[in-house]
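From a predicted model like this one, the values you see are computed outputs, not experimental measurements. Just so we're on the same page: letters track the sequence lines, and every chain starts at 1.
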Number of protein chains: 2
Amino acid sequence: MPVQPSRNQSSSAAGTPVRGQRADARHNHAQLLQAAREAYALNGTDVPSSTIARRAGVGAATLYRHFPTRGSLIAAAFSEQLTDCVAALDEALRDDDPWRGLCSALAKVCRMQAEDRGFSAAFLGESPDDPDLHRARARAEAGLAQLVQRAKNTGQLRKDFDPSDVTLLLLANSGVVRQSPETSLAASRRLLAYFLQSCRATDGAPFLPPPAPLRLDDLYGPSHRTD
Amino acid sequence: MPVQPSRNQSSSAAGTPVRGQRADARHNHAQLLQAAREAYALNGTDVPSSTIARRAGVGAATLYRHFPTRGSLIAAAFSEQLTDCVAALDEALRDDDPWRGLCSALAKVCRMQAEDRGFSAAFLGESPDDPDLHRARARAEAGLAQLVQRAKNTGQLRKDFDPSDVTLLLLANSGVVRQSPETSLAASRRLLAYFLQSCRATDGAPFLPPPAPLRLDDLYGPSHRTD
DNA sequence: CCACAAATGGAAGAGGTTGTCCGTTTAGCG
DNA sequence: CGCTAAACGGACAACCTCTTCCATTTGTGG
């Protein structure tokens with residue numbers, strides 16, 4: 001069960017509590033993370049940092065001492081979800097039935113997106129600064145490719161399915177989920193059902209148009225602004 | 001053919017050129033609209049108004065004289081696309097084959113979303129102020145319901161398809177299309193293909209989870225901020 | 001209990017966007 | 001051509017968000 005809280009501190013990303021700091025600092029650190037997670041889940045990641053500081057009961061400076069930039073707070077707030085994501089993938093890879101593994105992994109990620117409005121932004125959005133996130137995405141990409149290949153080999157997944165189709169689903173789901181929190185779970189479930197049904201290998205099914213080169217870790221790579 | 005440019009001036013929305021104004025004013029009005037459309041198509045509607053004024057070759061005050069608020073410029077910029085949208089629906093309703101009509105209507109709207117990054121924001125986003133937009137959405141909703149019912153009657157569309165599934169597709173597509181413009185068209189096409197394939201009536205197909213009550217004109221209705 | 005460094009909070013700076021004011025320019029008409 | 005009102009443009013005020021600074025408070029080891 002690799003899903004446990006994992007108190008172990010990597011020193012790579014900013015914002016991880018360092019042993020030897022004062023008790024109030026540790027407490028505020030935790031308060032900030034919790035406030036950030038709650039706020040992001042409800043309203044998405046475009047909540048102003050000042051709001052988070054206020055709801056954590058600390059001043060702005062405290063927030064910025066613990067998380068030097070806005071991005072580092074976001075990254076820290078979602079690192080747990082990221083772990084869960086990778087764990088779901090690992091679990092899917094261990095499933096005897098590749099198709100069932102794929103389905104449950106996709107369902108899990110879609111549900112995470114639906115239940116936390118910030119998740120999509122943090123996972124798919126632009127955050128060119130966090131190395132952890134990049135590594136996780138690359139890792140997810142690789143595991144996914146493996147999972148997809150296995151499901152094809154068993155003949156359960158259509159042959160022209162492309163790993164990028166998972167990214168396609170995640171992006172689509174992020175669009176669906178952006179709406180009112182009350183409906184997002186139901187809508188997300190229905191979208192996934194539609195998607196999975198088409199993914200199943202069927203004899204008479206028409207060919208799909210070619211996949212777009214959507215790689216998880218490439219999204220928002222080069223900027224295209226032309227001001 | 002109700003698709004013609006329609007020079008007729010409704011006086012409801014702000015920004016419609018009024019006869020009797022000076023030639024330079026009319027010219028600037030047109031320049032602003034064009035600049036806005038280009039900028040929005042490329043980068044989405046979150047382009048600063050000052051950028052649009054600059055690219056139209058006018059000062060900020062001129063922009064605000066023609067379009068009193070940021071929202072009115074957005075509404076004016078997309079009113080043509082909105083007309084196209086409704087026209088596509090009308091055309092689909094006139095098609096002898098309801099399924100073909102539905103497919104082409106969905107393809108058209110998805111393509112519009114893919115080719116214009118601002119379209120989704122303008123059409124699905126929050127704009128509680130523009131009555132034209134509300135009317136168009138309501139109208140689209142009604143036509144869609146009709147189209148869906150007809151396709152079900154001919155047995156081409158699965159019985160548990162819900163009109164809200166069209167909204168689901170549009171939202172999903174908006175998520176897909178938000179990415180790099182180079183890939184959005186291909187990605188959008190593929191998403192639509194996946195979706196349509198599942199929508200076709202098939203005997204052995206499993207039931208879908210219940211639809212979420214997504215109504216086009218309800219999106220972003222009540223706000224859920226809790227600051 | 002005390003001293004000192006760690007930690008804090010509020011204020012203020014920097015940057016960006018929306019919308020307004022006012023002196024100046026220019027189209028259109030006689 | 002010249003007058004007048006419509007139209008314009010750039011500067012400016014108001015606001016918001018991110019981030020930093022510094023005087024003050026507070027936890028903690030001795």
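B/Leu196 meets the side chain to side chain contact (heavy atoms under 4.5 Å, CB included) test with B/Trp99, B/Cys103, B/Leu106, B/Leu192; sequence neighbours excluded. Partners of A/Gln146 according to the side chain to side chain contact (heavy atoms under 4.5 Å, CB included) rule, which considers only residues two or more places apart in sequence or in another chain, are A/Leu93. With sequence neighbours left out, the salt bridge (charged side-chain N to carboxylate O under 4.0 Å, His left out) criterion links B/Arg189 to no other residue. Residues meeting the salt bridge (charged side-chain N to carboxylate O under 4.0 Å, His left out) test with B/Asp165, sequence neighbours left out: A/Arg190. Every residue two or more places apart in sequence or in another chain that forms a salt bridge (charged side-chain N to carboxylate O under 4.0 Å, His left out) with A/Arg37 is listed here: A/Glu80. Annotation: side chain to side chain contact (heavy atoms under 4.5 Å, CB included) contacts of B/Leu89 (sequence neighbours excluded): B/Leu144. Evaluation of the side chain to side chain contact (heavy atoms under 4.5 Å, CB included) rule for A/Thr45 yields A/Tyr40, A/Ile74, A/Phe78, A/Ala121 as partners, not counting sequence neighbours.
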Nucleotide N/O of nucleotides 8-10 of chain C paired with protein N/O under 3.5 Å:
| unit_1 | atom_1 | unit_2 | atom_2 | d |
| --- | --- | --- | --- | --- |
| C/dT8 | OP1 | A/Asn28 | ND2 | 2.4 |
| C/dT8 | OP2 | A/Arg65 | NH1 | 3.1 |
| C/dG9 | OP2 | A/Gly59 | N | 2.8 |
| C/dG9 | OP2 | A/Thr62 | OG1 | 2.7 |

Can you name the atoms? Protein N/O to nucleotides 14-17 of chain D N/O, anything below 3.5 Å, with the distance.
none

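Atoms CZ (B/Arg54) and P (D/dC8) sit 19 Å apart, rounded to a whole Å. Computed from coordinates, the B/Phe67 CZ to D/dA7 P distance equals 14 Å when rounded to whole Å. Remark: P of C/dG28 and NE2 of B/His27 are 13 Å apart, rounded to the nearest angstrom. Computed from coordinates, the A/Gln21 CD to D/dG29 P distance equals 14 Å when rounded to whole Å. The interatomic distance linking B/Gln31 (CD) with D/dC8 (P) rounds to 12 Å, in whole Å.
Ionic pairing of A/Arg111 and A/Asp116 is not present here: no N-O contact between side-chain nitrogen and carboxylate oxygen is shorter than 4.0 angstrom.
Distances shown here put a side-chain N or O of B/Tyr64 below 4.0 Å from the OP1 or OP2 atom of C/dG19.
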